[in-house]
Amino acid sequence: MTILDIRDLTIRTAGGRVLVDGLSLSLAPGQRLGLIGESGSGKSLTSLAVLGLLPEGMAASGSVELAGTQVVGASERRLAKVRGRDAAIVFQEPLTALDPLMRAGRQIAEPLRRRGLSGTELRRAVLAALERVLLPEPERIARAFPHEMSGGQRQRVALAMALACEPKLLIADEPTTALDVTVQAELLDLLDALVREREMAVLFVSHDLAVVAKVADRVLVLKDGRAVEEGDVRDIVTAPREPYTRALVASARQLESALDRRSGR
Amino acid sequence: MTPVLELDRVSFAYRGSAAPVVEDVSLTVADGQSLALVGESGAGKTTLLRLLLGLTRPTSGTVRFGGDELRLGDRELMRRFRRGVQCVFQDPYSSLDPRRRIGSIVAEPLRSLGLETRHTAGPRVAAALERVGLPADAAERYPHEFSGGQRQRVAIARATVCEPRVLLADEPVSALDVTTRVAVVELLNELKREQGLTLVMVSHDLSVVASLCERTAVLENGRVVEEGDTARVLGAPAHPYTTRLVESVPRLPGPRD
Amino acid sequence: MKRLPGQNPARGLTRSLTRSLTLTTGCLLAGAVGLLALVSLFWLPYASDDTSGGRLAAPGDGHLLGTDKLGRDLLTQLMTGSRIAVQAGLGSVLIAATVGVTLGVLAAFAQGWLDDTLSVLLDILIAFPTLLLAMLIVAARSATLESAVLAIGLAQSAVVGRLVRVLVKRVLAQDFITASRTSGTSWPRIVAGHILPNIWPTLVVNLALQFGLAVLAEAGLSYLGLGAPPPNASWGRMLQEAQATFTTAPAGALAPGILLVLLVIGVNLIADGLRDTLDPAARRRRA
């Protein structure tokens, strides 16, 4: 059984430029796949296409099956049912992903309300969602506006929102890139623990191999919209086969070894 | 030897705000001893950089350049300072004027400092572009024709065209892809070696710090909590915050045991 | 160098064609009115106050477009009217641009109380009805074209000023301004070399819009008798005078109305075309 089955996904601009070219991948429940690539590789577009969220003027062809629903060409009404329930997404910049004029509690309540919760039940669910992402003082955070929180807290709220409806698949698009290193480390640990205990499938999009390796078991390397190499994280990092992957790993290693040399490890 | 740049018990607070952004910071930058300013967002790194650039005046304490206190009124000193201290920013998209050609962007320090005129700047601009690995015809193009990494090279060419002693850099590679990042780090190392440039770099990326800087100062809440040789600070951190910082760096997994 | 989106030669060609189409159409429309205005300076079919044509004569027969209810030649009036419209538009925009850009740049650089004061001043000026301002100026001076232009220009300079303030602030926040400062560039040179070129595209479109609004406002003011005095026929006055006889002789109202619309559309098209040609990155953004 698969949660996500992408076959021959191609994304074009209105002008006919191909941004993602014949990509195929599949995810079983509980599997964690990292989508790695540099800017322009099409990794973010792919993650958006899974939820039918492609920006205006871009068209997807091929097949994206999410928990049995064909996303490519689906109507907005149909997609609305899928989003949140089957898959939810966390973006890179929590400040723009949250509505600046809405208190955190209300933002989290929104997807829950759609699931039919209300009153005390809803309130309790909101607080539970905030506690789950280890936010201190959930009562206070629920009343806070996005600008009253730190970047890390905002990203936790965004994560709480994504997890509120217990989706089968979590898509994380560079969720820690805008955060400080220490906050990043905490958030990655949290993310890892949450998806493990729920046996949730994860599609983790990032440009950073080391970050991907903390969450994903498998990685798919993308370059210019095409899949270059796919395999176990450890294999890819220690024995990359394709020249592009090798260059990517070498760059990451080079920076890391400078740190090792200096810090004497 | 007199340090190139020096912060002497510098504090800075925004007007009307009680909490200082930078508090009682003393730092020296010696020739050839590149310094990294490390800390989280809100630690005061960027304010410190603005103080070092003479863009913000400290609430108390002094900033010195080559032993002389920076005074905005002293035009001769400021000119010498501007020539000796240049900067590179994080976002290569915001740091180049979209309406100017690359040649004119790179020539700006030369012209503003009165070193060259529009007509005589050509050769030095070409040399600066070549040094950062850009094709000679780049001068005729506009910023939007370049990728992020190339734009950062343009910014470095502009900052080094008047051969400054110090290059202040605010997260110079954090907006770039990994492979581009390595290339720009290498370029900066080359400039350090060949031009005798001293870097003062704000960064949260410890591996970039380790690649480029001999010394590291760790900032927390506007104060320097630890300072010393990069190897010492990262290898044997004395402050718990530094330890946490070093341990938080995500690492590539090793081979299967 | 990597190939950029939108550099496909065929597509680039269509785009530059549509762009020049906008610009050409605009020039044709506004140019036609401009030509009428220009010719009116040297030659008019009849004198402005010549009423020999008989009341409401039909088009043709010595009067190409007929005459109005006082027997004046309609074409003559239209031509003087276009001159007044162009003068009103250019004059107002000139005042609005000079005063507005100066105030806007000052307000953007001002800090603390000065910034607040300038902002409040601009807001008051925006809230102040143009009509009231025009009445005050006419009361202080007299009902001339200059009074109307002054009133319109001043009212518009507040709008332009506020826009410029926001635009300049946005440019000031960019890193290349800081880079310029640390390169030792002086503030006046930063304003002239970086800030004005960067706010120009948006500003020029807004000024064109203001030109159209100024022409309309002048027509409105002269409709109320606050514009150019008779016998100078401005379009607004023509509309007013033709109002009573609109059902029997619609040409008197339609002709100035149509010219007014053509001029305003023309100028706006020119502005659109200009903005695109002025911007080196416009091509990429449109791709």
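Each chain gets a letter, A, B and so on, in the order the sequences are listed, and its residues count up from 1. Hydrogens, waters and symmetry mates are skipped; everything else that's a heavy atom, side chains included, is used.
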Taking all heavy atoms of B:S207 and all of A:L255, pick out the closest pair and write down the distance. CB-O, 3.2 Å

Do A:V181 and B:P250 have side-chain heavy atoms sitting under 4.5 Å apart? yes

Structural part of A:E38 lying under 4.5 Å from a heavy atom of chain B: both

As an exercise: rank A:S39, A:G40, A:G37 by heavy-atom pairs under 4.5 Å with chain B and give me the winner. A:S39

Please tell me if the side chains of A:Q184 and B:H204 come closer than 4.5 Å, counting only heavy atoms from C-beta onward. no

Is it the case that over 12 heavy atoms from other parts of the model lie below 6.0 angstrom from the CZ atom of B:R131? yes

Does any heavy atom of chain B fall under 4.5 Å from the side chain of A:V237, the backbone, both, or neither of them? side chain

Mark yes when over 12 heavy atoms from residues, nucleotides or ligands other than A:E242 sit less than 6.0 Å from its CD; otherwise mark no. yes

Quick check on the structure: residues of residues 39-53 of chain B within a heavy-atom distance below 4.5 Å of chain A, by number. B:E40, B:S41

A side-chain contact here means heavy atoms from C-beta on lying under 4.5 Å apart; do B:V249 and A:E256 qualify? no

Crowded around A:E197 CD? As in, over 12 foreign heavy atoms under 6.0 Å? yes

A:H207 side, atom NE2; B:L176 side, atom CG - distance, nearest 0.5 Å: 9.5 Å

Is the shortest heavy-atom distance from the side chain of B:V178 to the side chain of A:D208 under 4.5 Å? no

With chain A, which of B:A236, B:S248, B:A183, B:S211 has the greatest number of heavy-atom pairs at distances under 4.5 Å? B:S248

Rounded to the nearest 0.5 Å, how far does NZ of A:K214 lie from CG of B:L252? 12.0 Å

Sequence neighbours excluded, which residues qualify as ring-ring contact (aromatic ring centres under 6.0 Å, His included) partners of A:Y244? none

A quick test of your reading: do over 12 heavy atoms of other residues, nucleotides or ligands sit less than 6.0 Å from CZ of A:R132? yes

